[in-house]
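Everything on this sheet refers to the single structure shown next.
Here the structure is a predicted model, which is why all the values come from computation and not from measurement.
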Protein chains: 2
Amino acid sequence: MPGHRSITEAEKLAAAKLGGIPIHREQMAVVANIYRAASAVRQHLENSVLRGADLTWTAFVVLWVVWVWGESETRHVAEEAGISKGTLTGVSRTLEGRGLLQRAGHPSDGRLVLLSLTEEGETLMRRLFPEFNQEEAFVASRLSDEECRSVAEGLRQVVRQVEEHGEERRLTLLDGAEPAPRRSGRRAKG
Amino acid sequence: MPGHRSITEAEKLAAAKLGGIPIHREQMAVVANIYRAASAVRQHLENSVLRGADLTWTAFVVLWVVWVWGESETRHVAEEAGISKGTLTGVSRTLEGRGLLQRAGHPSDGRLVLLSLTEEGETLMRRLFPEFNQEEAFVASRLSDEECRSVAEGLRQVVRQVEEHGEERRLTLLDGAEPAPRRSGRRAKG
DNA sequence: CGTCGATCGTTCGGAGTCAAATTATACGAG
DNA sequence: CTCGTATAATTTGACTCCGAACGATCGACG
């Protein structure tokens with residue numbers, strides 16, 4: 001019915017190149033466009049509202065998570081922000097140095113560190129988030145509210161699939177083999 | 001009608017936190033989920049098929065672009081891969097060192113450098129892409145083909161909006177002010 | 001108590017990343 | 001031919017990011 005479906009040049013070329021190989025075209029297009037959209041959105045936000053506040057995307061996300069969740073343990077913040085614990089250590093120290101974030105030890109568990117916004121951090125987010133949200137509206141302005149809901153729901157399905165079955169899937173793929181260490185990063189003890 | 005719309009805990013909290021502030025909820029959810037999905041997908045792919053081939057996400061994307069486009073000028077590859085020219089210089093040199101990519105000067109324009117896959121690179125991609133595509137299918141397995149098309153099309157609209165009007169939008173926002181230099185990077189001449 | 005495995009945040013090595021400065025080449029105007 | 005301008009890719013410097021190793025702490029059990 002629609003007949004109207006714009007495909008990018010790259011996707012056409014890929015289809016041609018893969019002429020002989022049986023592939024999951026629709027799924028390939030979804031993944032490719034998720035990543036393109038994420039890069040485009042991130043770049044736009046960084047170069048508009050975030051640059052002005054001297055915040056990286058990651059730093060903003062961390063502030064946002066702590067803002068909406070309230071005082072939180074670092075591992076939850078890292079999980080929610082989608083970054084590693086090690087990265088969060090650095091980011092949170094930077095934000096602490098700028099007076100936007102506070103770090104406090106847990107009253108009864110000495111291993112934990114709790115993050116919360118300072119008053120200055122709260123003020124910043126109250127001012128900055130509306131600007132941020134305005135740009136979110138801009139990048140999505142070609143979609144109706146209903147289309148936004150639909151796309152968001154589709155993306156949630158992807159996230160949930162990976163979160164619920166990704167680990168298991170990776171183990172199946174490796175099938176007993178050890179998981180091949182990263183090339184970068186700290187070397188194994190020697 | 002639907003009544004059934006799964007909202008993550010984070011989205012609920014955000015809605016509560018922003019109770020008083022008028023916001024574009026659907027657009028916020030789209031952006032948040034684009035980014036979550038992109039991270040989840042990238043992480044899954046890196047930790048499954050790419051780790052085994054000792055390739056980072058970026059390195060794979062570069063190989064993929066050169067594979068489907070054929071011999072290409074570096075600036076086009078950088079553009080298509082969504083990375084800066086400087087990053088591509090480093091990545092392509094690494095891949096050249098591993099014998100997967102070739103660099104050649106342009107026959108008539110000495111400023112240009114052309115990238116193409118070596119025979120080994122072609123072989124790798126012919127073997128690796130089906131595995132990669134299999135995981136793309138995995139992450140999208142909760143969506144029907146039709147839903148995949150629909151989500152992909154929605155994301156293309158986002159990408160197109162940013163590509164076609166992002167620059168103009170940023171200029172409007174800054175409204176004459178200079179664009180606030182990045183904190184990192186080479187210092188301005190002094 | 002004391003020990004031991006689990007779990008927390010931090011440290012640290014290496015690769016990625018961007019954008020300004022730089023270098024090299026192309027090409028039109030005088 | 002010789003500039004000057006435009007446009008390549010590369011270099012450079014500060015920074016981000018991941019994840020294995022690490023040290024501190026907890027909680028359970030003898």
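The CD atom of A:Glu79 sits 15 Å away from the C1' atom of C:dT7 (whole-angstrom rounding). For the pair B:Leu88 CG and D:dT12 C1', the interatomic distance rounds to 17 Å; values are reported in whole Å. Going from atom CG of A:Leu114 over to atom C1' of C:dG9 covers 12 Å, rounded to whole Å. Going from atom CZ of A:Arg93 over to atom C1' of C:dC12 covers 11 Å, rounded to whole Å.
In this structure, B:Glu167 CD and A:Asn47 CG are separated by 8.5 Å, a value rounded to the nearest 0.5 Å.
Side chains of B:Gln157 and B:Glu153: a donor-acceptor N/O pair is present below 3.5 angstrom, by distance only. For the residue pair A:Ser48/A:Glu135, the side-chain donor-acceptor check at 3.5 Å is not satisfied.
In this structure, A:Ser108 reaches the sugar-phosphate backbone alone: every heavy-atom distance under 4.0 Å involves primed, P, OP1 or OP2 atoms, never a base. Backbone-only engagement by A:Gly82 is indicated by non-hydrogen atom pairs under 4.0 Å involving sugar-phosphate atoms exclusively.
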Polar atom pairs between nucleotides 14-17 of chain C and protein, under 3.5 Å, N or O only, would you list them?
{"from": "C:dT17", "atom 1": "OP1", "to": "B:Thr58", "atom 2": "OG1", "distance (Å)": "3.0"}
{"from": "C:dT17", "atom 1": "OP2", "to": "B:Thr58", "atom 2": "OG1", "distance (Å)": "2.5"}

Heteroatom pairs (N/O) under 3.5 angstrom, protein to nucleotides 7-9 of chain D:
{"from": "D:dT7", "atom 1": "O2", "to": "B:Arg111", "atom 2": "NH1", "distance (Å)": "3.3"}
{"from": "D:dA8", "atom 1": "OP1", "to": "B:Arg75", "atom 2": "NH1", "distance (Å)": "3.0"}
{"from": "D:dA9", "atom 1": "OP1", "to": "B:Thr74", "atom 2": "N", "distance (Å)": "3.4"}
{"from": "D:dA9", "atom 1": "OP1", "to": "B:Thr74", "atom 2": "OG1", "distance (Å)": "2.3"}
{"from": "D:dA9", "atom 1": "OP1", "to": "B:Arg75", "atom 2": "N", "distance (Å)": "3.3"}
{"from": "D:dA9", "atom 1": "O5'", "to": "B:Thr74", "atom 2": "OG1", "distance (Å)": "3.1"}
{"from": "D:dA9", "atom 1": "N7", "to": "B:Lys85", "atom 2": "NZ", "distance (Å)": "3.1"}

Show the distances under 3.5 angstrom between N or O atoms of the protein and N or O atoms of nucleotides 1-4 of chain D.
none

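Sorted by first and then second residue, the pairs that involve residues 67-92 of chain A and meet ring pair (Phe, Tyr, Trp, His ring centres under 6.0 Å), not counting sequence neighbours, are A:Trp67-A:Phe129. The ring pair (Phe, Tyr, Trp, His ring centres under 6.0 Å) contacts involving residues 13-41 of chain A comprise A:Tyr35-B:Trp57, where partners must be two or more places apart or lie in separate chains. Note on residues 134-168 of chain A: pairs passing ring pair (Phe, Tyr, Trp, His ring centres under 6.0 Å), not counting sequence neighbours, are A:His44-A:Phe138.
At a threshold of 4.0 Å, the pair A:Arg156-A:Glu163 does not count as salt-bridged, since none of the basic side-chain nitrogens sits closer than that to a carboxylate oxygen. Between B:Arg93 and B:Glu96, no side-chain nitrogen of the basic residue sits less than 4.0 Å from a carboxylate oxygen of the acidic one, so the salt-bridge criterion is not met. Between A:Arg142 and B:Glu164 there is a salt bridge, since at least one side-chain N of the basic residue sits less than 4.0 Å from a carboxylate O of the acidic one.
Side-chain atoms of A:Thr172 come within 3.5 Å of backbone N or O of A:Glu168 as a donor-acceptor pair. At least one donor-acceptor pair closer than 3.5 Å links the side chain of B:Glu147 to the backbone N or O of B:Ser144.
A close approach under 4.0 Å does occur between a side-chain nitrogen or oxygen of B:Asn47 and OP1 or OP2 of D:dG19.
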